[in-house]
Protein chains: 2
Amino acid sequence: MNVALTTRIKCRDCPIRHRAVCSRCDDDEMALLEAMKTYRVYRAGDPILWRGEKLTFVASVVHGVATLGKSLEDGRTQMVGLLLPSDFIGRPGRRHIDFDVVAATDVTLCCFDRKPFELLIETMPHIAQRLAEIALDELDSARDWMVLLGRKTAREKIASFIEMLVRRQGIVSLDGSTPDLALPLTRDEIANYLGLTLETVSRHLSSMKSEGILRFTDRRHFEVSDFDALHAATGDDTA
Amino acid sequence: MNVALTTRIKCRDCPIRHRAVCSRCDDDEMALLEAMKTYRVYRAGDPILWRGEKLTFVASVVHGVATLGKSLEDGRTQMVGLLLPSDFIGRPGRRHIDFDVVAATDVTLCCFDRKPFELLIETMPHIAQRLAEIALDELDSARDWMVLLGRKTAREKIASFIEMLVRRQGIVSLDGSTPDLALPLTRDEIANYLGLTLETVSRHLSSMKSEGILRFTDRRHFEVSDFDALHAATGDDTA
DNA sequence: GATGCGCCTTGATGCAGATCATATTTGGGG
DNA sequence: CCCCAAATATGATCTGCATCAAGGCGCATC
């Protein structure tokens with residue numbers, strides 16, 4: 001499980017200070033959280049939480065990317081979320097977790113034991129307020145993803161996925177190209193996220209490459225050369 | 001839009017008193033809410049909120065069933081949620097709504113103007129706490145639905161949908177049969193919910209009927225005659 | 001610089017579910 | 001009671017993606 005202690009970061013220097021579940025807290029409240037928190041570090045590929053396990057802590061992602069997945073009894077799996085820095089893991093008020101959480105890259109979590117955290121929710125309104133906000137935002141993006149899973153074609157799914165990556169980490173210049181971007185998932189993981197097979201993902205990435213929409217520098221790095229064409233391929237409104 | 005005033009219900013007699021966003025509030029808090037709330041009533045088929053509209057109020061469903069949907073620019077649509085009594089509509093802190101909300105049956109909402117409600121979230125911790133809980137629960141079921149949309153076969157989707165209806169409104173007797181249940185959606189709406197076409201839904205319902213799993217009394221009412229076979233057809237764990 | 005192992009690409013084939021087409025049922029209004 | 005439109009059922013055909021099957025490429029290990 002590779003759980004290790006990292007150098008302690010002061011909350012005020014924390015990279016997710018202004019977006020995580022603690023973001024509304026004032027200085028006094030932060031001091032309290034500072035005393036309660038612990039860090040956990042995972043290597044790429046490590047499981048973080050396994051379905052059915054006791055849920056002993058809740059956490060915010062500080063660094064790295066984790067995946068949230070679920071599987072059917074015969075082994076089919078579906079990724080139901082990507083956990084990026086500032087995202088929240090766990091369900092206060094519930095003893096068990098119903099998903100598999102896996103580190104996709106090296107991951108650092110800022111953790112709180114579940115019981116004391118539940119007490120915080122009762123006593124520190126800023127926590128509950130921010131948690132509600134985070135959960136409602138997550139709900140909106142989960143619903144967008146449902147449209148993708150239920151109604152989009154393979155090509156549209158892949159274009160949407162790439163567009164999401166660009167929006168999260170990239171800048172589009174005026175001629176519609178981007179700088180080099182990291183692809184944080186393997187073809188297999190992408191397929192799993194999009195409700196496809198890895199072959200289909202590979203085929204469509206290849207065809208978007210040959211159409212001049214994407215350019216791959218290596219298999220985990222690419223750039224978009226025609227963002228308009230990419231967007232047109234998503235099937236979404238021209239927003 | 002058919003917005004009308006109903007007879008005012010006292011909060012303490014409200015059917016969703018113990019599950020809605022107000023469920024943690026004490027008597028004093030309830031008195032405040034009582035003064036702020038208004039009711040809105042919609043007929044089956046009426047739009048409640050339209051995508052892109054100004055979001056002037058938030059609400060809890062008191063009676064009836066509403067659907068939450070989203071559409072792609074070419075007209076494909078996907079239902080992303082069913083709103084049942086005690087479910088919450090709206091996104092405090094956001095000016096516009098990004099979904100279409102439509103009354104599937106006659107619906108009564110308990111509404112609060114958005115601005116004053118946002119103030120309540122700041123000042124009344126019980127509201128924010130309960131809202132966070134509701135949103136996290138919704139998030140869990142949205143994620144389950146993503147597995148269904150991404151990985152299940154048509155037959156599994158339909159079996160899962162029926163099973164959900166049974167769990168929400170029915171009792172399964174020892175021989176695996178249920179009493180008569182209402183089907184709150186048309187074939188077309190079911191298809192829309194499951195990411196299928198109405199023809200596929202119709203075909204699979206017919207075959208489950210001929211296999212002796214379901215029995216239809218009329219097209220909006222049915223009973224399950226073999227719950228074990230139904231569950232086996234969902235693809236879910238034997239839980 | 002050979003060997004092996006993930007990861008990826010590309011090709012061939014089959015099938016579940018979409019699409020197109022045509023009844024059939026049914027419930028509400030005159 | 002009959003008529004009509006909407007909802008449903010069912011059949012025929014098409015197609016996008018899964019599935020099955022071979023390589024190919026890059027990278028670590030010895």
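So that the names make sense, note that chain A is the first sequence line, chain B the second, and so on, each numbered from 1.
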Output yes when at least one side-chain N/O atom of A:T200 is less than 4.0 Å from OP1 or OP2 of D:dC17, else no. no
Which atoms form the tightest heavy-atom contact between A:T234 and A:E156, and what is the distance? O-CB, 3.6 Å
Round to a whole Å and report the spacing from CE of A:M208 to P of C:dC8. 17 Å
Of the options C:dT9, D:dC17, C:dC8, whose atoms approach the side-chain atoms of A:S202 most closely? C:dT9
Quick one: A:L194 CG to D:dC17 C1', roughly how many Å, whole number? 13 Å
Could you work out which one of C:dT10, D:dG26, D:dT8 sits closest to the side chain of A:R219? D:dG26
Starting from P on D:dA7, measure out to CG on B:L185 and report it in whole angstrom. 13 Å
Tell me whether the side-chain N or O atoms of A:E199 pair up with the base of D:dC17 as donor and acceptor below 3.5 Å, since no angle test is needed here. no
Of all heavy-atom pairs linking B:A135 and A:A135, the shortest is CB-CB, 3.6 Å
Side chain of B:D218 - closest among C:dG27, C:dT19, C:dC8: C:dG27
A:L198 CG to C:dC8 P: how many Å, rounded? 8 Å
Take atom CG of A:N192 and atom C1' of C:dC8, then tell me their distance rounded to the nearest Å. 17 Å
State whether A:F99 and A:R91 meet the cation-pi test: NZ (Lys) or CZ (Arg) under 6.0 Å from the six-membered ring centroid, and within 45° of the perpendicular axis. no
Measure CD1/A:I158 against P/C:dC8 and give the value in whole Å, please. 13 Å
Is the closest side-chain donor-acceptor distance between A:S160 and A:K152 under 3.5 Å? yes
Pairwise 5' ranking along DNA chain C for A:L205 and A:R151, keeping only the more 5' one: A:L205
What pair of heavy atoms forms the shortest contact from B:T200 to B:I158, and how long is it? O-CD1, 4.1 Å
Is B:T186 close enough to D:dA7 that one of its side-chain N or O atoms is under 4.0 Å from OP1 or OP2 there? no
Could you state the CZ-P distance from A:R76 to D:dA18, rounded to the nearest angstrom? 13 Å
Can a donor-acceptor pair under 3.5 Å be found between the side-chain atoms of B:R203 and the base atoms of C:dT19? yes
Can a side chain N or O of B:S206 be found less than 4.0 Å away from OP1 or OP2 on D:dT10? yes
Just how far, in rounded Å, is P of D:dA18 from CD of A:Q78? 11 Å
